[in-house]
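Beneath this line is the structure, given in structure tokens, with notes to follow.
Because only heavy atoms are used, hydrogens play no part in the values below, and waters and symmetry mates are left out as well, while side chains stay in. As the structure is a computational prediction, the values presented were derived from the model and not from experiment. Counting starts at 1 for both ligands and their atoms, following the listed order.
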Amino acid sequence: MNILEAKKYGKARLCRSPSPELDTAVILQHVTGFDRTQLLLKRDCQMSEEQEKAFAVAVEKRKTGLPVAYITGQKEFFGFDFFVNPAVLIPKPDTEILVEQALNALGLFYGRMENADGSLKKIPEICDMCCGSGCVGISVLKALAENDGISVENLPKMTFADISEAALEVCQKNARRLLDFDENIPSRLRFIRSNLFENLPDYSFDFILTNPPYVPHSESLELLKDGRSEPLLALDGDVTAEGEFSGTEDGLFLIRRLVPQCFERLAPGGLLIMETGEYNAEETARLFEEAGFKDVGLKKDLNGMLRNVTGTKPYRPEGTKSGC
Ligand SMILES: C[S@@+](CC[C@H](N)C(=O)[O-])C[C@H]1O[C@@H](n2cnc3c(N)ncnc32)[C@H](O)[C@@H]1O
């Protein structure tokens, strides 16, 4: 089979996919090692027997609904290539906004904390809660180092936390692959398996970044019917830590526990940035206020839907008076 024939074959087999041509092209790139341009230029190139077999197997997997990212084991996020498998949610473009918001806030933090000699009064402590593949925290560190020129000794210390051991393994693998630019990086990273902050009792953070599960129960079950194989615990905001239905139907069972725990774990002046669903962002903002956060704000996603909620922990609890 040559490349052109393979394209036709893939397109026909994947005619029920919402994107048969793109799926076929990405699978072909993965199997042949060609980039998009080479795929166009080498239409007559004959695939090896091994490539043909791998291609056919991948197409059949895609036909079951398995996302292309799980087939190739890769997903681009914030310009970086993350390893993914069905233990983790596939990073979504909307979550890049969370990274951008974090980088903007960190820019202000560095501005406030810098000494005249370039050293910092305080190294930022960040928690990527519900880290999954680690796409949020790793992108923040990589962008700070590579795009903003922050030296390794001034980079934030990052704690990655997730309830899933298998997800944490993926996160560690991505950290090893993507944060390999300095031998001192690993000492700035922690990977902790934890039900929310349960196993992080002694830490206090300047920033908590989180994309928790927030999809309502019935919608999560509906979404999973297409064979996407993403973990229920990564999507469903209404299940308990054991994966059992909690009885709520608004996607907020976990967030109701998470918001006050974040407030407790933040240092005074610390910032929480949380991704939510367009259907529960406003209620989440209310939960932020109820927990004591101030300057609570909502940010829309790329489609103009309410998506991220931010809030700052005040230096003094609301209503308390300073001394004299
Ligand atoms: C929506 S995914 C987000 C993954 C990644 N941060 C991203 O943005 O692509 C939510 C993650 O929360 C984790 N999770 C679910 N319940 C949790 C809990 N009670 N404590 C900690 N992590 C939890 C899941 O294992 C999953 O990896």
Side-chain angles (χ1 to χ4, degrees), residues 67 69-70 74-78 80-102 126-141 158-175 178 190-201 203 207-217 219-220 223-224 228-246 248 251-262 265 272-277 280-281 284 301 307-309:
Y70 287 152
Q74 262 193 324
K75 180 70 188 176
E76 190 188 313
F77 178 84
F78 215 75
F80 309 126
D81 276 332
F82 282 84
F83 166 74
V84 291
N85 68 20
V88 297
L89 188 91
I90 297 168
K92 307 286 184 282
D94 281 332
T95 306
E96 293 179 344
I97 299 169
L98 177 56
V99 175
E100 268 164 19
Q101 283 186 293
I126 305 184
C127 178
D128 178 355
M129 173 50 69
C130 300
C131 62
S133 63
C135 62
V136 171
I138 292 172
S139 298
V140 165
L141 289 174
M158 185 77 69
T159 300
F160 296 92
D162 202 288
I163 197 166
S164 155
E165 189 69 56
L168 269 183
E169 272 169 29
V170 173
C171 179
Q172 276 175 283
K173 179 169 175 170
N174 279 320
L178 293 166
R190 291 188 206 106
F191 302 88
I192 300 179
R193 184 176 180 210
S194 181
N195 176 10
L196 303 184
F197 287 90
E198 218 168 77
N199 296 339
L200 291 81
Y203 304 127
F207 298 88
I208 297 174
L209 315 175
T210 181
N211 175 16
Y214 55 73
V215 180
H217 184 63
E219 199 178 323
S220 304
L223 281 174
L224 289 171
R228 66 179 62 202
S229 295
E230 289 185 296
L232 182 72
L233 261 187
L235 288 173
D236 194 333
D238 290 320
V239 289
T240 64
E242 291 73 38
E244 281 158 25
F245 179 46
S246 66
T248 62
L252 290 172
F253 178 73
L254 180 136
I255 287 180
R256 279 196 187 88
R257 289 180 293 137
L258 176 58
V259 173
Q261 287 190 29
C262 289
R265 294 283 159 227
L272 170 60
I273 313 179
M274 183 181 292
E275 181 173 322
T276 65
N280 50 27
T284 303
D301 67 16
R307 186 64 57 206
N308 290 357
V309 185

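At a heavy-atom distance under 4.0 Å, only backbone atoms of S194 (N, CA, C or O) approach ligand 1. At a 4.0 Å heavy-atom cut-off, ligand 1 touches N211 through backbone and side chain alike. Contact annotation for C130 and ligand 1: heavy atoms of both the backbone and the side chain come within less than 4.0 Å of the ligand.
Contact of the V140 side chain with the F207 side chain is not registered, since no non-hydrogen atoms from C-beta on lie closer than 4.5 Å. At a threshold of 4.5 Å between non-hydrogen side-chain atoms, the residues C131 and L168 count as touching.
Contact between L233 and ligand 1 is present, with at least one heavy atom of the residue lying under 4.0 Å from the ligand. At a 4.0 Å cut-off, not a single heavy atom of P231 sits close enough to ligand 1 to count as contact.
Considering only non-hydrogen protein atoms, atom 20 (N) of ligand 1 sits nearest to L196 N, 2.8 Å. Among protein heavy atoms, the minimum distance from atom 23 (C) of ligand 1 is reached at I163 CG2, 3.5 Å. Nearest protein neighbour of atom 5 (C) of ligand 1, counting heavy atoms only, is C131 O, 3.3 Å. For atom 1 (C) of ligand 1, the closest heavy atom belonging to the protein is A234 O, 2.9 Å.
Distances between N or O atoms of P212 and those of ligand 1 include no value under 3.5 Å.
Note that OG1 of T248 is 6.0 Å distant from CZ of R256, once rounded to the nearest 0.5 Å. Note: M129 CE to S194 OG = 5.5 Å, rounded to the nearest 0.5 Å. Taken from CG in L233 to OG1 in T240, the straight-line distance is 8.0 Å, to the nearest 0.5 Å. Distance check: F78 CZ to L98 CG gives 10.0 Å after rounding to the nearest 0.5 Å.
Aromatic ring orientation, F82 versus F77: perpendicular (interplanar angle above 60°, classes split at 30° and 60°).
In this structure, the side chain of T276 engages the main chain of R307 through a donor-acceptor pair within 3.5 Å.
Of the options V84, T95, L235, a side chain to side chain contact (heavy atoms under 4.5 Å, CB included) to L89 is made by L235 and by none of the others.
Residue L254 approaches ligand 1 through these ligand atoms, each under 4.0 Å from one of its heavy atoms: 16 (N), 17 (C), 18 (C), 19 (N). The atoms of ligand 1 that sit less than 4.0 Å from any heavy atom of T95 are 8 (O). Shown in contact with N195 at under 4.0 Å from a heavy atom are these atoms of ligand 1, numbered in order with element: 18 (C), 19 (N), 20 (N). Distances below 4.0 Å separate heavy atoms of C135 from the following atoms of ligand 1: 7 (C), 8 (O), 9 (O).
In this structure, of D162, L258, V215, the residue bringing a heavy atom nearest to atom 13 (C) of ligand 1 is D162.
D301 and I97 get closest at one heavy-atom pair: CA-CD1, 3.4 Å.
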